[in-house]
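Encoded as structure tokens, the structure appears first; notes follow it.
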Amino acid sequence: MIRNDLRNIAIIAHVDHGKTTLVDEMLKQGGVYRENQETVTRVMDSGDLEKERGITILAKNTAVHYKDVKINIVDTPGHADFGGEVERILKMVNGVLLLVDAAEGPMPQTRFVLQRALELNHRVIVVINKIDKPDARLGEVEDEILELLLDLNASDEQLDSPMIYCSGRAGTATEDPDIPGTDLTPLFEKILDYMPAPEGDEEGELQLLVSSIDYSEYVGRIGIGRVERGSIRTNQDVYMCNYHANDAPKRTKIVSLYQIDGLVRVPVDTAKVGDIVCFSGAENITIGDTITSLNAPEPLEFVKVSEPTLEMTFSVNDSPFAGKEGKFVTSRQLRGRLYKELLKDVSLRVEDGETTDEFKVAGRGEMHLSILIETMRREGYEMTCSNPRVLFKEIDGVKCEPMEHITLDVPSEYVGAVVEKLGQRKGDLLEMNPVGSRMRIEYSIPSRCLFGYRSEFLTATRGEGIMNTLFDGYQPYRGEVTMRFTGSLVASETGETTRYGLYNTQERGNLFVGPQTPVYEGMIVGENPKNDDIAVNPCKKKQLTAIRSAGADEKLLLTPPVIFSLEEAIEFITDDELIEVTPKSIRLRKKILNTELRMKAMMKARREAAK
């Protein structure tokens, strides 16, 4: 059976190439909104963090109607750290729209997501977006896309993929860049003509592969997937099984069934081959499970998701301020929340640590883990996090480490500073090409050597540089390298900072706290330009006399403190430091809080290193 009334597509692209904005216009022109209905921009980025950061974190489903054909659309993340989201939803669709920025051209993540789509033999429509940008270079970008397809061993049919020229913001598309478009009709027509309609055996036994998981407080876990064979209906008794597990199939019941239409889930009684559905009732359903009929429990194979490359240790907060701001502070609550995250994030790995209060959390990159930490702190969790560590592998008896392919767009005058820094961090220059007034530089560099580099890069390029990274496999270990050349200013007593104490402390380096901030012994209150830690007392008070009044402190001028975001804090800390994360605060601290014990441990480590 061929479902000519249906198309299932995903929109894939590099970060900031305009996927979610294009989906906005497709929804408007696909009749999802009423004529007088108020609309919001980037409607698919529904999470608070997605709205704040302007990035897509989770893949989401929507659907529009065009000429009696329903087009199911999956909007995917563009950031490399959330590549696992893209890999798993590609099993749910029959073709992809590959979005490429008309000025930037194919970028690292474009290559990654396109490779995954080609491996699944999906049809590709290339959409060159933002053609109305003043620096658009359509001819060069077309050539770069063809080169990329050749590089990735695309089939002859995939090499002949059609190209559409779009302005997602204006909501226009055209097949000829010299003839401006008026709406997205050429894009919709191309989807109907070129994308294959879903097909399968409607009379066969049910098979539905779960590619995504949602959660509702009322009905519990909700599975999302495409019906691969047969049909599914409400109140149907089914088996839940997994291709990669040896467990016996578990019997369960489909309590409710929904299809996505526009931005809402519509209850339905039945769905057939090719339909993307949401269902509840299967209590312990996870990504990669197959829902089958009772007569033929035959699970489907799920895509192998790339392994994580970074690891951090999450542990219970044991600072003097523990429990003052958070709602969930125990190891049991922390463990439960981390293992719950595994149910919907296939790229994450969680293991119990060396003690009952520690958990090792591995992910695809710093942003992947920082988004998890930020989500948890907003839910009321309190914890401490270590600095990230790369996961080494032994391949053929050789210790290997993860590598990154980084692409930098830099104004020409700052190229020297960038190349010098990356050389110090054991980077290998691969390519350097001028793009207008800027230079595009490509490097291969160990993942660990990029820790803390992003802020250095922005400083070196006066905020004008653009940096993108992509995991590039494992290569032999390249030896030790120093990434941080500064030390920390550490509070030597617990109390509240004073203007007088901070005025004397700021001579030693940059401050991280302002006046009247509660601090504790062992908390990091600043950065020392030299590569040594210094114990300071920012709580020191001026001795008052009849002549010297407390009000005289107000004349002391303080440099504004540096306030770290979570990502900046993760990049800053070293092996003997931690980040204390609570719903209201992000504090940096030493692992050993007591000044005397910390000094003894440091001296012991130096003696052992000298031996």
Side-chain angles (χ1 to χ4, degrees), residues 6 8 10 44 46-47 57-63 72-76 84-94 198 200 204-245 247-261 263-294 296-305 339-348:
L6 186 65
N8 295 324
M44 297 300 285
S46 52
I57 295 169
L58 299 171
K60 299 180 192 68
N61 299 59
T62 186
N72 283 315
I73 304 168
V74 188
D75 182 25
T76 64
E85 290 282 313
V86 183
E87 289 176 273
R88 62 183 172 78
I89 63 90
L90 286 176
K91 289 284 281 184
M92 211 159 36
V93 298
N94 301 103
E205 299 291 348
L206 169 66
Q207 268 187 327
L208 184 152
L209 181 64
V210 177
S211 299
S212 190
I213 292 287
D214 199 359
Y215 185 80
S216 162
E217 294 291 338
Y218 304 104
V219 298
R221 215 171 295 174
I222 297 169
I224 304 170
R226 185 177 72 174
V227 181
E228 304 285 343
R229 188 177 71 190
S231 58
I232 187 170
R233 64 181 189 277
T234 51
N235 297 320
Q236 181 180 353
D237 287 320
V238 293
Y239 272 139
M240 191 168 70
C241 41
N242 194 298
Y243 184 88
H244 300 286
D247 304 340
K250 296 173 189 163
R251 186 165 176 154
T252 187
K253 188 175 186 177
I254 304 298
V255 174
S256 58
L257 192 65
Y258 303 89
Q259 283 191 29
I260 295 159
D261 200 347
L263 301 171
V264 293
R265 289 177 181 164
V266 181
V268 293
D269 292 326
T270 183
K272 52 190 178 183
V273 167
D275 283 329
I276 293 176
V277 296
C278 312
F279 62 89
S280 65
E283 189 181 337
N284 295 315
I285 193 81
T286 59
I287 291 166
D289 282 352
T290 307
I291 297 294
T292 68
S293 68
L294 299 179
E298 300 165 3
L300 291 162
E301 187 173 2
F302 189 60
V303 63
K304 189 177 187 301
V305 176
Y339 278 94
K340 182 182 171 185
E341 188 69 20
L342 288 178
L343 301 174
K344 61 180 181 182
D345 191 341
V346 288
S347 308
L348 200 70

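The basis for the numbers below is simple: all heavy atoms, side chains too, and nothing from hydrogens, waters or symmetry mates.
The minimum heavy-atom distance linking Gly274 with Pro198 is given by the pair CA-CB, 3.7 Å. Minimum interatomic distance between Ser211 and Ile287 (heavy atoms only, all atoms of both residues): O-CG2, 4.0 Å. Contact record, Pro297 with Tyr239: CB-CD1, 3.8 Å, taken as the closest heavy-atom pair. Nearest heavy-atom pair across Ala282 and Thr252 is CA-OG1, 3.4 Å. Shortest non-hydrogen contact noted between Ser280 and Ile222 is CB-CG1, 4.4 Å. The two residues Ser231 and Leu206 make their nearest non-hydrogen contact at O-CD1, 3.6 Å.
Here Asp269 pairs with nothing under the salt bridge (charged side-chain N to carboxylate O under 4.0 Å, His left out) rule; sequence neighbours left out.
A distance of 13.0 Å separates CD of Glu228 from CD1 of Ile291, quoted to the nearest 0.5 Å. Atoms CZ and CG, from Phe302 and Asn242 in turn, are 9.5 Å apart once rounded to the nearest 0.5 Å. To the nearest 0.5 Å, atoms CZ (Arg226) and CG (Asn72) are separated by 10.0 Å. Atoms NZ and CG, from Lys272 and Leu6 in turn, are 9.5 Å apart once rounded to the nearest 0.5 Å. With rounding to the nearest 0.5 Å, the separation of CZ in Arg221 from NZ in Lys340 is 9.0 Å. Residue Asn61 holds its CG atom at 10.0 Å from CD1 of Ile73, rounded to the nearest 0.5 Å.
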Ile254 vs Val238, test: side-chain contact (heavy atoms from CB on, under 4.5 Å). Steps then yes/no. CA-CA 7 Å; Ile254 304 298; Val238 293; 4.0 Å; yes
Show your reasoning for whether side-chain contact (heavy atoms from CB on, under 4.5 Å) applies to Asn8 and Met92. CA-CA 8 Å; Asn8 295 324; Met92 211 159 36; over 6 Å; no
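The shortest side-chain heavy-atom distance between Leu294 and Arg251 falls under the 4.5 Å cut-off. Considering only heavy atoms from C-beta on, Leu208 comes within 4.5 Å of Phe279 through its side chain.
Under the 3.5 Å distance criterion, the side-chain polar atoms of Thr270 are matched with a main-chain donor or acceptor of Ile232. In this structure, Ser293 contributes its side chain and Glu205 its backbone to no donor-acceptor pair below 3.5 Å.
Of the listed residues (Val210, Leu209, Thr292), just one forms a side-chain contact (heavy atoms from CB on, under 4.5 Å) with Leu300, and that residue is Leu209.
Ion pairing between Asp289 and Lys250 fails under the 4.0 Å rule for side-chain N and carboxylate O.
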